Novice: 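Below is the structure I would like to discuss, written out as structure tokens.
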Amino acid sequence: MAELRANSPCAGALPLVIGSVMAREEDLGVITALLPYRGRETALSEALKAAHGMAFPAPNRATGKVGARAIWAGRDQALLLGPVPDPALCEHAALSDQSDGWAAVRLEGAGAEAVLARLVPVDLRAQVFKRGHTVRSQVQHMAGSITRVGERAFLILVFRSMAATLVHDLKTAMEAVAARG
Amino acid sequence: MRITCPLCGARDRREFYYRGAALALERPAPDAGEQAWDDYLFLRENPAGETRDLWYHANGCGAWLVVRRDTRSHAVLEVRLAGEGAQ
């Protein structure tokens, strides 16, 4: 009987270390989209605090910390990363399991900002884009989500089907940044 | 060209998809008559001046926006969320 094993989206393609920048795949655990029902935003945020210890994030913000994070993911939606969602959340929001839907990459290092500057048309420099800030924008030509998770570390999410493209685009940008010395 | 999304802030035009005149928000009643429906479906203004268009923040927050802009100067005058009843 054949044994089937799940592959992660970037299996075999990461990690990459080029110059001062490292890209590695993140295992975020369960990924759940939270879409609050109309008028239930506050109630959802309270339920989220009680169950998982973080508020529903405002636009362009992420809440929580490593292992249990909520990042704003668009108009009236956020992604809960890590915990299995408490059933109490269902009272206030539509939930959808997207664990297998996203490729997650951590980009870290002194040149990480310079790498992203080549790919994302938003200012992600530390003075304006701080820890806990997030954007929905483009990574090269893909729709993606970029969150600052550390002083020199970013979490990048794109749709899983785009994992190879993401690695390719990151690699090209990392090589170009490294070549400038 | 940059459009200031009410949720995301000022973003490059490449993140947005252009839908056209913001008429979908003024859909005629089913019994409004042929004239009104013909006008709604086929007849468009082409002003040299202020327009009111629908844009979709496709590679951003996914919101539909009503953008007022001036076709002569390319100035963006106002951006609002279509979902909040922008008129």
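So that the names make sense, note that chain A is the first sequence line, chain B the second, and so on, each numbered from 1. Every value quoted in this text rests on a predicted model; they were computed, and no experiment measured them.
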Novice: Side chains of A:Ile156 and A:Leu116: closer than 4.5 Å at any heavy-atom pair?
Specialist: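 In short, these two side chains touch, coming nearer than 4.5 Å.
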
Novice: Given the rule in the side chain to side chain contact (heavy atoms under 4.5 Å, CB included) test, do B:Leu54 and B:Val66 qualify, once you have shown the distances and angles that lead to the verdict?
Specialist: CA-CA 5 Å; B:Leu54 277 176; B:Val66 177; 3.9 Å; yes

Novice: Hydrophobic cluster membership, with links at side-chain heavy-atom distances under 4.5 Å among I/L/V/M/F/W/Y: are A:Leu95 and A:Leu35 in one?
Specialist: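 No, because A:Leu95 and A:Leu35 fall into different hydrophobic clusters, even though each may have its own neighbours under 4.5 Å.
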
Novice: Give every donor-acceptor pair between chain A and chain B closer than 3.5 Å, one pair per line, or write none.
Specialist:
unit_1	atom_1	unit_2	atom_2	d
A:Asn60	ND2	B:Leu7	O	2.7
A:Arg75	N	B:Cys61	O	2.9
A:Arg136	O	B:Arg11	NH1	2.8
A:Ser137	OG	B:Glu15	OE2	2.5
A:Gln138	OE1	B:Asn59	ND2	3.3

Novice: How far apart are the closest heavy atoms of A:Ala55 and A:Thr63, and which atoms are they?
Specialist: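 Taking every non-hydrogen atom into account, O-OG1, 2.7 Å.
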
Novice: In the single-linkage hydrophobic clustering (I, L, V, M, F, W, Y; side-chain heavy atoms under 4.5 Å), do A:Met174 and A:Leu166 co-cluster?
Specialist: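 Linked, A:Met174 and A:Leu166 end up in one cluster.
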
Novice: Among A:Pro59, A:Ala58, A:Pro121, which has the most heavy-atom pairs under 4.5 Å with chain B?
Specialist: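 Top option by heavy-atom pairs under 4.5 Å: A:Pro121.
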
Novice: Does CE in A:Met54 sit with more than 12 non-hydrogen atoms of other residues, nucleotides or ligands closer than 6.0 Å?
Specialist: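 Counting other residues, nucleotides and ligands, CE of A:Met54 exceeds 12 neighbours.
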
Novice: When you group the ILVMFWY residues by side-chain heavy-atom contacts below 4.5 Å and let the links chain together, are A:Val167 and A:Val120 in the same group?
Specialist: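 Same hydrophobic cluster.
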
Novice: Using a 4.5 angstrom heavy-atom cutoff, name the option from A:Gly74, A:Gly144, A:Ala73 with the most pairs to chain B.
Specialist: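 Among the listed options, the one with the most contacts to chain B is A:Gly74.
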
Novice: Do A:Asp27 and A:Glu25 have side-chain heavy atoms sitting under 4.5 Å apart?
Specialist: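 No, their side chains stay 4.5 Å or more apart.
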
Novice: Can you name the residues that form a side chain to side chain contact (heavy atoms under 4.5 Å, CB included) with A:Ala117, not counting sequence neighbours?
Specialist: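 A:Ala117 satisfies side chain to side chain contact (heavy atoms under 4.5 Å, CB included) with no residue once adjacent residues are dropped.
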
Novice: If you count every heavy atom of other residues, nucleotides or ligands that lies below 6.0 Å from A:Glu3 atom CD, does the total exceed 12?
Specialist: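 Counting neighbours around CD of A:Glu3, 12 or fewer heavy atoms of other residues, nucleotides or ligands fall under 6.0 Å, so no.
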
Novice: B:Cys8, B:Gly62, B:Cys5: which one forms the most heavy-atom pairs within less than 4.5 Å of chain A?
Specialist: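 Looking at each of B:Cys8, B:Gly62, B:Cys5 in turn, B:Cys8 comes out on top.
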
Novice: Which residues from residues 79-89 of chain A are near chain B, with near meaning under 4.5 Å between non-hydrogen atoms?
Specialist: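 The residues closer than 4.5 Å to chain B amount to none at all.
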
Novice: Heavy-atom distances under 4.5 Å only: say whether A:Val135 touches chain B with side chain, backbone, both or neither.
Specialist: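 For A:Val135, backbone and side chain are both near chain B.
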
Novice: For the residue pair A:Phe129 and A:Val122, establish whether any side-chain heavy-atom pair is separated by less than 4.5 Å.
Specialist: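 No, too far: nothing below the 4.5 Å cut-off.
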
Novice: Among residues 4-21 of chain A, which residues come closer than 4.5 Å to chain B, judged by heavy atom distances?
Specialist: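 Residues qualifying by a heavy atom under 4.5 Å from chain B are absent, so none.
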
Novice: Nearest heavy-atom pair of A:Ala112 and A:Leu107: which atoms, and what distance?
Specialist: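 Reported closest heavy-atom pair: O-CD2, 3.9 Å.
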
Novice: Linking I/L/V/M/F/W/Y whenever their side-chain heavy atoms sit closer than 4.5 Å, directly or via other members, would A:Ile31 and A:Val149 fall into one cluster?
Specialist: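 Result: yes, single cluster for both.
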
Novice: Atom CZ of A:Arg40 and atom CD of A:Glu91: how far apart are they, to the nearest 0.5 Å?
Specialist: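 Reported to 0.5 Å precision, the distance equals 6.0 Å.
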
Novice: Could you see if B:Val76 belongs to whatever hydrophobic cluster contains B:Leu81? Use Ile, Leu, Val, Met, Phe, Trp, Tyr and a side-chain cutoff under 4.5 Å.
Specialist: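 Same cluster: B:Val76 reaches B:Leu81 through Ile, Leu, Val, Met, Phe, Trp or Tyr contacts under 4.5 Å.
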
